[in-house]
Amino acid sequence: LTRASPHRPHGLWLIGARGSISTCVAYGLAGLNEGLLEPLGMCTERPPFERLGLVPLDQFVLGGHDVCLRDLSSSAVELVHHGILGSELIAAGAGFAAAYEARIRPGILDEPEVGLADLDPRSRSLGSLAPREQIEALRSDILSFKSEHDLERVVVVNLASTEAYRAESKAWSSLAELDGALERGEGLPASVLYAYAAISGGCPYVNFTPSRGAGIAALRELALARGVPHCGNDGKTGETLVKTVLAPLFTARALRVLSWQGYNMLGNRDGAVLADASHRETKVRNKNEALRELLGDPAVHTHVGIDYVPSLQDWKTAWDFIHFEGFLGAKMSLQFTWTGSDSALAAPLVLDLARLAAFAAKKGEAGEMLHTAAFFKAPIGGGTHDFHSQFRALVAYAEQHLGTPRTRN
Ligand SMILES: NC(=O)c1ccc[n+]([C@@H]2O[C@H](COP(=O)([O-])OP(=O)(O)OC[C@H]3O[C@@H](n4cnc5c(N)ncnc54)[C@H](O)[C@@H]3O)[C@@H](O)[C@H]2O)c1
């Protein structure tokens, strides 16, 4: 007798399905399942998480929404040229990627982006529907995917381009207000409509982007009412990860940080989007907030500049300059340079988060997944930005589920 697998296949539905991160998720999964890659960058493959009985990686079926005409193979070719994906992986993942491409559905466009080049005309026509009907179309795509592939559940991850900054709105303050705005046909960020569709469809939701998504009060309320776990916002993959490791050092040693200047150069599509001031605003807010909290000084002089430098492609380079003061008024400085492939850093975190979200849903947990704060620049539900404290909370969560005592460190 063979032992039945405790898991039926799970869906992983990616919004921004043909973007760089999504493409790395697809080829990365194929490579892991073919034994061509090591699970580097994934904490769920290591102790204690690997004992939680998370969804096996070969049990994920991919689908998603995008608004562009570019197909997945063109995104993959770009990443080959950028030196991120190898040709052996492209050959091995071709079948898996083609099946995924066939499951990508036209998404809805955020209103300020109507001039987007390369726009799928089907997405343009979805944009003429009332917001309620747009939510209905998105939810129906996700739920059809679930039933067609007989999936136990579908985790939805937002990996779409960062939206233009929107100030808080009264319409987002409660579910009743949001439903009222939807009835009146008021314009809402696309990320909010996607998150509404996922959560109302009972799907765990992860917002890897700095866009609003399920972070607004109205959708946090919906998630609790619907019994759905969710987390976000804005994956902590590079410069901010290093910052949230380093900043507690200055606080613990009682050194006074005078200025913390950051400068990012990136050359991928994400960088092109962030070249626009209203999109950059969404991103920079998260980067500054973490630092101010960690240094305990809301007035510290800090600034992050972001420039689009096309020749760097996916290899984001960040330079940070920290000017600080010690005993006797001695002024000193620390500088670091980080060069990383943004998409290769992000993709394993997406797989970790998809598994953790599926696990939380299986355990009947609802609302914000506070234990996932280590993954985000602006964790929903707040808490410290200190990476090591956040990671300890994640380990404690796993140990609580395993019934083992906390590890000492
Ligand atoms: N790579 C990282 O380290 C990192 C870290 C934190 C956050 N992020 C965020 O993750 C997101 C994805 O990054 P990427 O490098 O893959 O970007 P990308 O530009 O390569 O991909 C984004 C994809 O989203 C699609 N898209 C745009 N608007 C859409 C909409 N309304 N609905 C559905 N699809 C839409 C685009 O067509 C594109 O295919 C960005 O918001 C980025 O800021 C990335």
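Just follow the structure's listing: the first ligand is 1, and inside any ligand the first atom is 1.
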*Structural part of Lys377 in contact with ligand 1, heavy atom criterion under 4.0 angstrom*: side chain

*asked:* For the 3.5 Å polar cut-off, considering only N or O atoms, please tell me whether Ser22 and ligand 1 meet it.
replied: no

*Could you tell me whether Arg70 approaches ligand 1 through its side chain, its backbone, both or neither, with non-hydrogen atoms closer than 4.0 Å?*
side chain

*ligand 1 versus Leu159, non-hydrogen atoms closer than 4.0 Å: side chain, backbone, both, neither?*
backbone

*Less than 3.5 Å between some nitrogen or oxygen of Cys68 and one of ligand 1, yes or no?*
no

*Check whether more than 12 heavy atoms from other residues, nucleotides or ligands sit under 6.0 Å from atom CD of Glu186, and answer yes or no.*
yes

*For ligand 1, is Gly107 a contact, meaning one of its heavy atoms is under 4.0 Å away?*
no

_Per-residue contact class, Ile108 against ligand 1 - non-hydrogen pairs under 4.0 Å_ = backbone

*Look at Arg392 together with Asp386 and state whether they make a salt bridge at an N to O cut-off of under 4.0 Å.*
no

*asked:* For Glu38, is the CD atom crowded, meaning more than 12 foreign heavy atoms sit under 6.0 Å from it?
replied: no

_Using a 3.5 Å cut-off on N or O atoms only, is Gly19 in polar contact with ligand 1?_
yes

_Using a plain distance cutoff, I'd like to know if Asp234 has any nitrogen or oxygen under 3.5 Å from a nitrogen or oxygen of ligand 1._
no

*Is there at least one pair of N or O atoms, one from Thr209 and one from ligand 1, spaced under 3.5 Å apart?*
no

*asked:* If the condition is side-chain contact (heavy atoms from CB on, under 4.5 Å), which residues does Ala17 pass it with, not counting sequence neighbours?
replied: Asp66, Tyr100, Ile104

_Would Ala190 count as a polar contact of ligand 1, with the cut-off being nitrogen or oxygen pairs under 3.5 Å?_
no

*asked:* Quick test of your reading of the model: are Glu368 and Arg220 salt-bridged, counting only N-O distances below 4.0 Å?
replied: yes

_Glu163 near ligand 1 by a heavy-atom separation under 4.0 Å_ = no

*Tell me which part of Ala346 gets within contact of ligand 1: side chain, backbone, both or neither, using heavy atoms under 4.0 Å.*
side chain

*Answer yes or no: does atom CZ of Arg269 have more than 12 heavy-atom neighbours from other residues, nucleotides or ligands under 6.0 Å?*
yes

*In plain terms, say whether Arg18 and Glu101 are close enough for a salt bridge, that is, a side-chain N and a carboxylate O under 4.0 Å apart.*
yes

*Quick one: does Asn268 get an N or O within less than 3.5 Å of an N or O on ligand 1?*
no

*Which atoms of ligand 1 sit under 4.0 Å from any heavy atom of Thr162?*
40 (C), 41 (O), 42 (C), 43 (O)

*Between Tyr205 and His230, does the ring centre distance come in under 6.0 Å?*
no

*Got a salt bridge between Glu45 and Arg355, using NZ or NE/NH1/NH2 to carboxylate O under 4.0 Å?*
yes

*Is there a salt bridge (charged side-chain N to carboxylate O under 4.0 Å, His left out) between Asp110 and Arg166 once you walk through the steps?*
CA-CA 11 Å; Asp110 196 39; Arg166 314 277 225 295; 3.0 Å; yes

